[in-house]
Each structure stands twice: as structure tokens, then as C-alpha cells.
K.L.:
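Mind having a look at this structure? Questions to follow.
Keep in mind it's a predicted model, so treat the numbers as computed, not measured.
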Amino acid sequence: MNHIFNQGKNGNTLLLLHGTGGDENDLLPIAGMIDGDASVLSVRGNVDENGMNRFFRRLAEGVFDEEDLIFRTKELNDFIGQAAANYGFDRGHVIAVGYSNGANIAGSLLYHDGKVLKGAVLLHPMVPRRGIEIPDLTGLPVFIGAGVNDPICPAQETKDLESDLTKAGAEVEVFWANMGHQLTRDEVDHASAWYQKHMKGE
Ligand code: MLT
């Protein structure tokens, strides 16, 4: 997959996953605000939707192509493993930072593959799959940044996601803003404070 890898100074690797129409450059400043000493693996989604990069296909706004989601989730999981071997970072210390479509594939990694991440920062995510049994996520720290008035990721999606992840054993913290689907500085500051508490790299 197209990507950027920046070697850091501590043992954590931030897996950056952009939103629809973005690329691997978008979240680099956010990574710096969350943990400037971590390594960064920033990936570009392999799906092209009318010229916009995405991590998996959708049938309509908010309606996911489940078959493609499953295929792309495996592709991403395999890619993280290959990158860990190539660049020599610890596969067990990967923390996803995803926005919108990127948050949805990060959520999909947890729903399908369980604890393949050390933690996850999900910014404006939706429920990636419904009606499946989620693997054990006991003790996995997850931060969700959501908007009470997000038209793309409605508040109920956040509540359902929090409930699914919590039932699977994850330790979920939700930060609510009222800036629609926008990623705000306040939200990133809260994600950063959560990271300092739960994810700090040694
Ligand atoms: C998705 O398709 O993943 C969500 O609707 C969010 C987005 O528009 O990227």
C-alpha cells in the first residue's frame, strides 16, 4: 500500500488512516500533536471513488460494501505486519489514529481481528459491521471523538459503537463536540491527553 514511514524515538507506532478523499499526508500534523516521539506509518487507502482515496468501497453514503470491507481490512492488517517486518517496529505497539473512513477501517480491524492494535483513536467513526460477534477486546483502550451534530456519523452510531466495544471488553472514552463532522483542535487535545494516560511510549 502507498504509505509514509517515519522512524520515531519511542516504541510506539501511530498508524494514520485518512478520511475519504484524503491521503497519507493529512494526519501527519495530528500525529505530531498526539505523540511527536512515536514512529508513524501513514497509509493511503487503496480504493478510488471518483478520484477520492478510501479504505473500502461503499454502496451509498454510510452504506458499506461489506465484502470489500472484509477484504480491505485483511489487506491492511497484512500490510501492517509486512511494514513491521520491513521497518523493524513492534507489531504489538501499533496505535491507530483514524478519521472518518480511516476510523471506520480501524474499527473494522477491531471488529474482525480483535487485539491487533495496542489502542485506537477513532475520530468521527461509525459502526463498521452490524450483527457479527466481536472478538475479545478486554482492556483495549479506545478513544472516540464524536460530534453531537455530525451529519455523516450520527450520534446514535457513536453510542452503538461505544456499546459494542465496551461489551467486547474494551475501555472506551468518548469525547463529544458540536462541530459536525469536523476534526477540531479541542478533540485532538482530548485525544492527546487520553494517549498520555493510556498509550505513552517508553
Ligand atoms: C465512510 O464511508 O466510511 C463514512 O461514511 C465516512 C466517510 O464519508 O468517509
Side-chain angles (χ1 to χ4, degrees), residues 14-36 38 40 42-45 47 49-50 52-56 58-64 69 95-111 117-131 134 137 140-200:
L14 300 181
L15 169 70
L16 306 185
L17 303 163
H18 61 77
T20 298
D23 68 24
E24 64 276 28
N25 294 295
D26 291 6
L27 296 178
L28 293 175
I30 308 278
M33 289 178 217
I34 292 178
D35 184 354
V40 168
S42 190
V43 185
R44 188 191 305 173
V47 166
E49 183 189 85
N50 305 319
M52 295 187 297
N53 299 316
R54 283 178 56 84
F55 286 96
F56 55 90
R58 60 182 162 183
L59 305 174
E61 169 94 39
V63 184
F64 302 156
L69 175 63
I95 299 134
V97 178
Y99 170 62
S100 192
N101 182 243
N104 293 341
I105 195 141
S108 180
L109 280 172
L110 302 179
Y111 271 55
L117 299 168
K118 181 182 173 185
V121 174
L122 307 178
L123 304 168
H124 300 267
M126 296 173 68
V127 175
R129 291 271 322 263
R130 300 227 176 224
I134 304 171
L137 297 174
L140 186 93
V142 178
F143 175 90
I144 298 177
V148 286
N149 55 348
D150 186 333
I152 294 172
C153 303
Q156 192 57 46
E157 286 281 325
T158 304
K159 290 176 191 159
D160 292 349
L161 181 64
E162 180 186 17
S163 158
D164 280 359
L165 292 172
T166 303
K167 275 186 206 142
E171 287 169 18
V172 186
E173 184 174 315
V174 182
F175 172 74
W176 291 98
N178 64 349
M179 297 291 284
H181 197 56
Q182 265 183 62
L183 183 52
T184 65
R185 177 65 202 236
D186 200 19
E187 191 174 334
V188 176
D189 285 346
H190 278 82
S192 196
W194 168 89
Y195 183 98
Q196 289 302 316
K197 207 160 121 202
H198 298 281
M199 293 285 109
K200 208 165 158 35

K.L.:
Which pairs, with at least one residue in residues 177-186 and sequence neighbours excluded, count as a salt bridge (Lys or Arg N to Asp or Glu O under 4.0 Å)?
P.N.:
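Sorted result for residues 177-186: Arg185-Asp189.
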K.L.:
Please table the atom pairs, donor to acceptor, closer than 3.5 Å between any side-chain atom in residues 104-111 and protein atoms at least two apart or in another chain.
P.N.:
| residue | atom | partner | partner atom | Å |
| --- | --- | --- | --- | --- |
| Asn104 | OD1 | Met126 | N | 2.7 |
| Ser108 | OG | Thr73 | OG1 | 2.7 |
| Ser108 | OG | His112 | ND1 | 3.0 |
| Tyr111 | OH | Asp164 | OD2 | 2.6 |

K.L.:
Looking only at heavy atoms, what is the nearest atom pair of Pro128 and Leu69, with distance?
P.N.:
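Reported closest heavy-atom pair: O-CD2, 3.4 Å.
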K.L.:
State which residues pass salt bridge (Lys or Arg N to Asp or Glu O under 4.0 Å) with Asp160; sequence neighbours excluded, sorted by chain then number.
P.N.:
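Checked Asp160 against salt bridge (Lys or Arg N to Asp or Glu O under 4.0 Å); matches are Arg130.
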K.L.:
Taking the ring of His181 and the ring of Tyr99, is the distance between their centroids below 6.0 Å?
P.N.:
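So the answer is yes for these two rings.
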K.L.:
For His18 and Phe55, take the angle between the two ring planes, folded into 0 to 90°, and tell me which bin it lands in: parallel under 30, tilted 30 to 60, perpendicular over 60.
P.N.:
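Geometry flag for Phe55 against His18: tilted rings.
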K.L.:
Of the non-hydrogen atoms in Glu187 and Leu123, which two are nearest, and what is the gap between them?
P.N.:
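Looks like OE2-CD2, 3.6 Å.
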K.L.:
Taking Val97 as the fixed residue, which of Leu17, Leu16, Val40 is the one that meets the side chain to side chain contact (heavy atoms under 4.5 Å, CB included) rule?
P.N.:
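Checked Leu17, Leu16, Val40 against Val97; only one passes side chain to side chain contact (heavy atoms under 4.5 Å, CB included): Leu16.
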K.L.:
Give the minimum heavy-atom separation between Asp35 and Tyr195, together with the two atoms involved.
P.N.:
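Distance-wise, the nearest heavy atoms are OD2-OH, 2.5 Å.
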K.L.:
Tell me the closest heavy-atom pair linking Thr20 and Arg54, and the distance in Å.
P.N.:
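Nearest heavy atoms, Thr20 then Arg54: OG1-NH1, 2.8 Å.
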K.L.:
Looking at every non-hydrogen atom in both residues, tell me the closest pair between Leu117 and Ala120 and how far apart they are.
P.N.:
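Minimum heavy-atom separation between Leu117 and Ala120: CD1-CB, 4.4 Å.
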K.L.:
Is the Phe143 ring parallel, tilted or perpendicular to the Trp194 ring (thresholds 30°, 60°)?
P.N.:
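Geometry flag for Trp194 against Phe143: tilted rings.
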K.L.:
Please find the pair of heavy atoms, one from Met199 and one from Pro141, that lie closest to each other, and give the distance.
P.N.:
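Minimum heavy-atom separation between Met199 and Pro141: CE-CG, 3.4 Å.
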